[in-house]
Amino acid sequence: MKAKELKKKYLKFFKEKEHAIISSASLIPENDPSVLFTTAGMHPLVPFLMGEKHPQGKRIANVQKCIRTGDIDDVGDASHLTFFEMLGNWSLGDYFKEEAIKWSYEFITDKKWLGLDVENLHVTVFAGDKDAPKDSEAEKVWLELGIPKERIHFLPKEDNWWGPAGDTGPCGPDTEMFIDTGKDPCSKKCGPGCYCGKYFEIWNDVFMQYNKTADGKYEKLKQHNVDTGMGVERTVAMVQGKSTIYEIETFAPIVDKIKKLAKIDEPGDEQTKHLRIISDHLRSAAFILSEGRVVPSNLDQGYILRRLIRRSIRSGRQIGIEENFCKDIAKVVSKIFRGDYPEFDENKDFILNEIEKEEDKFSKALTKGLKQFEKFGKDGKISGKDAFMLFSTHGFPVEMTEELAKEEGFKFDKKEFNKEFEKHQKLSRKGAEKKFKGGLSDASYENSKLHTATHLLHQALRKVLGDHVKQMGSNITPERLRFDFSHDAKLSDEEKQKVEDIVNENIKAGLEVKREEMSVKEARKAGAHGLFADKYGEKVSVYTIKGFSKEICMGPHVKNTSELGHFKIKKEKAVAAGIRRIKAVLEEDKKE
Ligand code: SER
């Protein structure tokens with residue numbers, strides 16, 4: 001069974017269990033302050049896990065593109081990836097533990113579906129702690145299905161609890177499914193949850209029955225949800241009897257191409273690690289670029305993209321690739337995925353050009369930077385200043401310097417670099433920490449206000465600049481909104497003022513904000529704008545700000561624009577050719 005077939009079977013299985021199939025959301029989260037990338041299928045569904053009604057109903061399934069930057073240092077082992085495809089099924093206040101576990105079991109073991117040998121199936125269940133009791137309900141279902149006690153393992157929160165992905169939000173105990181590959185255990189302690197490669201985690205059923213509050217309490221959620229995630233690459237590897245994900249058909253051609261470029265036949269351990277890093281990282285980079293919205297930079301998603309490409313280039317050098325090669329690999333990636341993801345064809349030139357530009361930029365800098373690094377390291381230490389110099393002059397992501405220092409046994413303290421970085425005022429440390437911790441927003445009131453303000457801003461921009469203005473991205477933190485849009489000139493002070501005035505007039509007018517459900521076709525007919533009109537599936541929710549704007553959007557929003565206060569643009573700049581970015585805030589209402 002190949003990846004394509006697995007995806008098809010999974011969706012068919014859950015369709016038969018009355019799930020609506022929705023499309024993958026973008027890798028770049030809309031309206032989510034705290035994460036740079038979509039890390040799981042549940043991510044775009046948070047408002048619905050919190051109780052908002054999903055236009056497609058209470059049972060949802062899909063294949064979601066995910067990026068997990070937190071796993072970057074684990075890449076190189078048998079199973080960790082920065083980009084992966086996740087199969088997911090959700091119950092939004094509908095079925096719970098019994099159905100979820102029974103269906104997972106059926107899909108994994110039934111000959112009609114995956115037909116994996118049940119004897120190799122191990123499961124883990126939440127052991128219980130001060131916040132929540134042991135998950136005896138999940139245990140009971142597994143026992144009923146015939147999984148013997150020896151293959152049910154109880155683990156603490158670290159292993160068997162999912163979420164909240166940020167500081168607050170929906171979360172709960174989970175039960176994870178592992179396949180025993182038959183390898184020898186690495187130690188006496190070896191078991192599911194150990195990374196040695198004996199046990200492969202393929203699926204995670206999360207039972208979202210709690211909401212973690214800002215003061216660290218776990219409140220029971222009114223609505224009981226199920227959020228499951230099955231890794232496509234890992235599952236395919238297990239079904240095909242492979243011992244690493246790099247051997248499956250969506251990876252092997254990438255690895256083969258790199259081997260060819262490096263003229264390696266039988267890679268040793270170090271070489272294998274680099275082959276894996278390059279294939280994982282450039283696959284992720286190609287997927288990020290395929291959405292046509294992010295280019296390598298020193299900020300946010302662009303910085304991660306830059307790190308992925310630059311680390312690949314360095315790994316390439318390590319295995320003897322001196323010429324530019326990233327574009328060649330991106331071509332292989334596109335060829336593998338263009339059938340499932342049309343964005344690879346839509347943005348073909350963009351992907352190849354951007355990856356090549358970045359490689360051109362960094363290849364030269366790398367040689368010089370490595371020499372400089374060696375000089376700096378003569379005293380056995382890389383200071384924060386050194387690392388900052390490597391970053392600003394040679395374009396070394398600090399993580400690369402950290403990795404190099406580790407390899408060479410040099411002392412290096414990243415905090416020193418952060419201080420240095422802060423001094424240079426590129427990014428506040430607080431902002432960076434928040435961003436890199438990752439997490440989901442709670443659907444707080446501030447968030448809703450800024451979300452509604454974003455719709456007003458979008459429409460105001462269209463009125464002032466013209467109908468070509470299209471949303472290219474949006475990100476909201478509790479403090480501010482950020483809106484990227486297509487327009488190819490700097491806004492004049494006059495234009496900015498006009499935009500602000502229009503937004504503020506519409507706030508003062510106290511316009512009603514209304515949500516409706518309709519088909520994509522109806523929404524288009526009604527003149528709704530929307531970034532991902534085709535991607536939400538059949539029914540979409542449309543938010544109308546009375547007499548002013550209409551957008552396809554998942555919300556949340558306030559009920560009336562009068563709740564917003566005073567709108568102010570803080571910054572306006574270019575983020576890429578033809579794309580501008582506005583940061584704006586809502587201030588306390590100005591009393592006149
Ligand atoms: N959110 C859970 C995970 O990522 C299940 O999908 O593992």
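First listed ligand is number 1; within each ligand, the first listed atom is number 1. Both backbone and side-chain heavy atoms feed into the values below; hydrogens, waters and symmetry mates do not.
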Practice task
I would like to know whether K157 and D131 meet side chain to side chain contact (heavy atoms under 4.5 Å, CB included); could you show each step before the answer?
Solution key: CA-CA 10 Å; K157 237 201 209 96; D131 299 320; 2.4 Å; yes
Exercise for the section: Tell me, please, whether F13 has K17 positioned over its six-membered ring: NZ or CZ under 6.0 Å from the ring centre and within 45 degrees of its axis? Expected result: yes
Once the angle between the rings of [X] and [Y] is folded into 0 to 90°, is it parallel (under 30°), tilted (30 to 60°) or perpendicular (over 60°)?
| X | Y | answer |
| --- | --- | --- |
| Y341 | F344 | perpendicular |
| H122 | H153 | parallel |
| Y543 | H557 | tilted |

Practice task
Below 4.0 Å from any atom of ligand 1, which residues have a heavy atom? Give them in chain and number order, please.
Solution key: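 Answer by chain and number: A40, M42, R68, M86, W162, N204, V206, D227, T228, G229.
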Handout entry: Salt-bridge present (D135, K97; N to O < 4.0 Å)
Key = yes
